[in-house]
Novice: 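My structure is below; once you've seen it, I'll send some questions.
For reference, positions follow the sequence shown, starting with 1.
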Amino acid sequence: MAGGDASAPATLFRLLGPVQLEAGAERVTFSGKQGALLTALLLHADRVVSTQRLAEAVWGEPLPSGSASRVRMLVSEVRRACAALGADVIATQRPGYVLRPSPGGLDLACFNSRVALAREAVAEGRSEEALGHFDRALGWWRGAPLAGVTGSFAEAQAEWLDGLRLDALEERQSVLLALGRNTDVVTEARALAAEAPLRERLHGQLMRALYESGRRGEALEVYRQFRDRSVGELGLEPTNELQRLQRLILRSDAGPRERPGTDRPPRRDEPPVLPVPSQLPAAPASFTNRSRELRELDRQPAFGADSVGVAVISGPGGIGKTWLALHWAHTHRDRYPDGQLYANLRGFDDAEEPVPPGTVLRHFLGALGVPPTVIPVEEEAQAALYRSVLAERRLLVVLDNARDSAQVTPLIPGRPGCTVLVTSRNRLVSLHATHSARLLEVGAFSDEEAHHMLSHQLGPETMAADPASVGVLLEHSGGLPLALGVLAARVSAHPGFPLAVLARELRDPATRLDALQTGDLGAGLRAVFASSYAALDARAARLFLLLGTAPGPEIGLPATAALAGLPPAETRALISTLETANLVRQVSPGRYWMHDLVRLYAAEQAEADLPAGTRRQALVRLIEAYTAMACAADRVLYPHRPAIAAPPWQGDDPAFEDATAALAWFETELPCLLVAHHLTPGLGMDAAGWQLAWGMNTFLLRRSFNRERLASWEIALAAADRLDDPHTTAVVHWHTGYAHAAADRIDEAIDHLDRALELFERARDWSRLAQVHHTVGWMWSVRGQPRRGLRHARAALRLQREAGDPIWEANALSAVGWIRLQLGEHEAARDACERALTLFRRHHDRGGEAATLDSLGMLAFRQGEYERALEYYGQCLDLRKITGNAFQSADTLVGLGDAHHALGDDTAARDAWRDALALYESQHRRAEAERVREKVSATRD
């Protein structure tokens, strides 16, 4: 085969050469941006890679505008190219994409697997077997890695991959030396030394092979040339090990020949053995959970004892980053026989300034046995000496609480063998670009994990004694390990106090953060949050405080810009600062979330640091933006709905491409809109109070959110009363009555609808009067009084014809047709519906067209024209899916199932009814759901 093993999978991805996909004799080569994107996915195979990280891999920083959509296009292109060879392996998974190659379907994985087998054989003394494994591993290489892919990301990854190859070649040379095959080593090592002139281990192997072949002078010449290059290009002397080897070769003519590298006591004239530091703080005794994060650290490529691995554990204060790092470090300390270094960089310490890298370097060099008099003054020279001392050694370096990448970079070793574990409240994204660092974000515990931690600390008996109070503790700790730890400490400090006392403090937002304090300075959550807040510049700090006052669980970029009163580009930059500081999280492109306890701190601090007028104006801007965007989205969903005056807003006019985009916006923003709506009375925003209800109405109606719709119009009604404008009052009474009717509260509906009829008639607003009649006609028809409803529907038709509005004339005709159908007047029903359908199609009203097609489908079904009914229902369902009308889609699906059943196709009938049942259940329409459930049961095989 074309690889290093005996058999090949159906498809094989290659990185160890040109980036390719092979399937038998066929292959496709990826280069440019496609190659960079595929490389990023393959290097993180079986793990989700965010759209942001893919964009960084393709373009670097700064990212181009619209990078997310460009990534989607690239993914589509790569998917098509892979699918052409039978590899459908890229899946969409929030917040990005995941590539899952088949077993043995990635050359890098096959290479690493063989190298691991070789190392195992070396450790057990099976040199011949190890040599075979190394040869098969190296057989996977087809040239320079990632050939044809350019950019900073590809260059960094190619350098890392080539380092893996050179590591394997060097280890293979060691096996050849152990087998006594010195001639082979000399031949191969000379070629490799020309390729990698500054790899010290390789030159030491060449010196050994030459010396043991009796070529002492050549061995010393190799040392001389290597030292000249190292000093001339790097300013560094060879390591102690290579110098010792040179001295042994120099002394070899004065006494018995010693095999270089043989273990023996050091001579008096040789440098002393360097100390092995063990600086890790004690392992956290009560560490729990984090199994996923630990697995991520374990399986990180280039994060082991045979490469320079860098991992950044980031997350907000109190999330348990240090505990995770120390637990992993203690668990794996046996991987690092040359020691463990630790430094608290104090990046977010209120009491002290961040520790400069030079201070840490002097501390580390001293721990590594370098005399103080030898340590240079300049930081750059210190870092060079530090890298020299760590060359050929295997150490773990833990850098805790880093402020930024600049504080970390000088402390990263330069040669394979060491691992650097960094914790920070900031993401330190640049370390990924410069050192291929693994970025591991740590989030809050799940409910189950939080319960496990609390039980571990309090004991199962305490937990079982008062489960209700335990539930409060878990709910308001927000899954933060520090919060849980503080609660456990308070319980332990007062074992006689019932948990209910602590639960009462947590229930009240005013005392919640107080309950999460301890007596130790800086131990509580306020101190943790305060240090992150203090590290922000003034503009980012202001936005952080304003976000604490924003309603709703999340917020989008346009809303954030309105809240801040800033342009979107400037807002994006500021919120990116907060995201980097792990004070907010981007849960999807352009949407941000703040942990409940962080939000509580921000809101509390906003009251102290921001004037009340500033906070109020920010909320006014936000609600004006929500209102304007809701009304704009509503116009896209229901373009033929009578317009209202545009709500005031200082931002750009909101635009939605189509109904799908408008529906998606409502789905995302609805929780925020509902909470914001409840703030309008307190802010004196009565115009927004009814306009926001208007803007949400179509969506709430189509989604059958009756409770929310009714509540929104109750807020609007109170606002209209205060505005004292007859037209607004009439509109609000009309919709309030409609909402009551949909909630089956007929008496209240009649009161509001009668009031609306009276006001519109008094104002001689015939079009709106007709629309209220239309609503009343619908109300009575669905209440089983079609004859009563017909009177109102016919009144609506007459008024709309007089008003000259063809769309609403079509709506009235459709209503008349529907009610005639209920009355059994089939021909009159058909005539009205067909005339309505013609008008709807002429004026492109898809919602009205769908409603009329549904009526025609029912008419055809009742007349035994089942094939025709299927056609009408199918067209109707397509339109209702486009317009997002899930409420009426359920009814149409029932009709579709009935028609299939009448034609004897019970399988298709059950499928349609089950889809209807799922919608009814999601809409809490229990009576309809039960009727459809009986249909499904009656036709079950």
Novice: Before giving the answer on side chain to side chain contact (heavy atoms under 4.5 Å, CB included), spell out for Val175 and Val122 the whole-Å C-alpha distance, their side-chain angles and the decisive distance to 0.1 Å.
Specialist: CA-CA 8 Å; Val175 173; Val122 168; 3.7 Å; yes
Novice: Is there a side-chain contact between Thr322 and Asn401 (heavy atoms, below 4.5 Å)?
Specialist: no
Novice: Strictly distance-based, threshold 3.5 Å: is any side-chain N or O of Asp107 a donor or acceptor partner for the main-chain N or O of Leu16?
Specialist: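 Yes: the side chain of Asp107 pairs with the backbone of Leu16.
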Novice: Looking at Val310, Val398, Leu396, Leu395, which hits side-chain contact (heavy atoms from CB on, under 4.5 Å) with Thr419?
Specialist: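 When side-chain contact (heavy atoms from CB on, under 4.5 Å) is applied between Thr419 and each of Val310, Val398, Leu396, Leu395, only Leu396 qualifies.
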Novice: How long is the gap from OG on Ser278 to CZ on Arg333, to the nearest 0.5 Å?
Specialist: 4.0 Å
Novice: Quick check: do Glu120 and Arg126 have side-chain heavy atoms less than 4.5 Å from each other?
Specialist: yes
Novice: Distance check, rounded to the nearest 0.5 Å: Leu368 atom CG versus Asp338 atom CG?
Specialist: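 Reported value, rounded in 0.5 Å steps: 9.5 Å.
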Novice: For residues Arg403 and Leu345, determine if any side-chain heavy atom of one lies less than 4.5 Å from a side-chain heavy atom of the other.
Specialist: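 No, their side chains stay 4.5 Å or more apart.
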Novice: Does the side chain to side chain contact (heavy atoms under 4.5 Å, CB included) test come out yes or no for Leu365 and Arg362, once each step is laid out?
Specialist: CA-CA 5 Å; Leu365 287 168; Arg362 288 192 296 273; 5.7 Å; no
Novice: Is the closest side-chain heavy-atom distance between Gln157 and Leu43 below 4.5 Å?
Specialist: yes
Novice: Please identify which of these residues, Arg229, Arg208, Arg227, meets the side chain to side chain donor-acceptor pair (under 3.5 Å) condition with His203.
Specialist: Arg229
Novice: With a 4.5 Å limit on heavy-atom distance, are the side chains of Ser424 and Ile313 in contact?
Specialist: no
Novice: Taking all non-hydrogen atoms of both residues into account, name the closest pair between Phe226 and Pro197 and its distance.
Specialist: CD1-O, 3.6 Å
Novice: Looking at every heavy atom in both Tyr342 and Phe364, which two are closest together, and how far apart are they?
Specialist: O-CE2, 3.6 Å
Novice: So which heavy atom on Ala154 is nearest to which on Leu146, and how close?
Specialist: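 What the structure gives for the nearest pair is O-CD1, 3.6 Å.
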Novice: Considering only heavy atoms from C-beta outward, does the side chain of Leu108 approach that of Leu42 to under 4.5 Å?
Specialist: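 They are not in side-chain contact.
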Novice: Please answer whether the main-chain N or O of Gly315 pairs with a side-chain N or O of Lys321 as donor and acceptor at a distance below 3.5 Å.
Specialist: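 Yes, Lys321 side chain to Gly315 backbone: donor-acceptor pair under 3.5 Å.
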Novice: If you measure from CZ on Arg199 to CG on Leu169, what distance do you get to the nearest 0.5 Å?
Specialist: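 Here the interatomic distance stands at 8.5 Å.
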Novice: I need the minimum non-hydrogen distance between Pro145 and Ala158, along with the two atoms involved.
Specialist: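 Residues Pro145 and Ala158, closest heavy atoms: CG-O, 3.5 Å.
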Novice: Are side-chain N/O atoms of Ser405 and Ser430 paired as donor and acceptor at under 3.5 Å?
Specialist: yes
Novice: Please name the residue in the list Ile412, Val420, Val312 that meets the side-chain contact (heavy atoms from CB on, under 4.5 Å) test with His435.
Specialist: Ile412
Novice: Using a strict cut-off of less than 4.0 Å between a Lys/Arg side-chain nitrogen and an Asp/Glu carboxylate oxygen, indicate whether Asp135 and Arg172 qualify as a salt bridge.
Specialist: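 Looking at Asp135 and Arg172, the cut-off is met.
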Novice: Heavy atoms only: give me the nearest Leu202-Ala193 pair and the separation to one decimal.
Specialist: CD2-N, 3.5 Å
Novice: Is the side chain of Gln279 donor-acceptor paired with the backbone N or O of Leu341 at a distance under 3.5 Å, no angle test?
Specialist: no
Novice: Find the distance between CG (Asp46) and CG (Leu99) and round it off to the nearest 0.5 Å.
Specialist: 8.0 Å
Novice: If we count only N and O atoms by modelled type, under 3.5 Å, do the side chains of Asp298 and Trp328 hold a donor and an acceptor together?
Specialist: yes
Novice: Return the OH to CD distance between Tyr223 and Gln246, rounded to the nearest 0.5 Å.
Specialist: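 With rounding to 0.5 Å, OH (Tyr223) is 4.5 Å from CD (Gln246).
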Novice: Any heavy-atom pair between the side chains of Arg438 and His44 that's under 4.5 Å?
Specialist: yes
Novice: Examine distances only and state if a side-chain atom of Asp404 and a backbone atom of Gln407 form a donor-acceptor pair shorter than 3.5 Å.
Specialist: yes
Novice: Run Glu378 and Gln382 through side-chain hydrogen bond (donor to acceptor under 3.5 Å, both in side chains) and show every step you take.
Specialist: CA-CA 6 Å; Glu378 296 81 9; Gln382 293 170 354; over 6 Å; no
Novice: What are the two closest heavy atoms between Phe111 and Ala168, and how far apart are they?
Specialist: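 For Phe111 versus Ala168, the nearest heavy atoms are CZ-CB, 3.9 Å.
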Novice: Decide whether Arg53 and His432 meet the rule of one side-chain donor and one side-chain acceptor closer than 3.5 Å.
Specialist: yes
Novice: Checking Asp400 side chain against Asn344 main chain: does a donor-acceptor pair fall under 3.5 Å?
Specialist: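 No; zero donor-acceptor contacts below 3.5 Å.
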Novice: Please report the C-alpha distance between Glu170 and Gln205 in whole Å, then the side-chain angles of each, then the deciding distance to 0.1 Å, and finally whether the side-chain hydrogen bond (donor to acceptor under 3.5 Å, both in side chains) criterion is met.
Specialist: CA-CA 8 Å; Glu170 286 180 347; Gln205 291 169 334; 5.9 Å; no
Novice: Is the shortest side-chain heavy-atom distance between Tyr386 and Val397 below 4.5 Å?
Specialist: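 In contact.
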Novice: Run Arg114 and Leu138 through side chain to side chain contact (heavy atoms under 4.5 Å, CB included) and show every step you take.
Specialist: CA-CA 9 Å; Arg114 280 292 175 184; Leu138 292 163; over 6 Å; no
Novice: Taking the side chain from Thr331 and the backbone from His327, do they hold a donor-acceptor pair closer than 3.5 Å?
Specialist: yes
Novice: Drop me the distance from Glu159's CD to Leu166's CG, to the nearest 0.5 angstrom.
Specialist: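 With rounding to 0.5 Å, CD (Glu159) is 10.5 Å from CG (Leu166).
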Novice: Side chain to side chain contact (heavy atoms under 4.5 Å, CB included) between Arg295 and Arg290: does it pass, once the steps are laid out?
Specialist: CA-CA 9 Å; Arg295 286 195 302 271; Arg290 299 298 186 206; over 6 Å; no
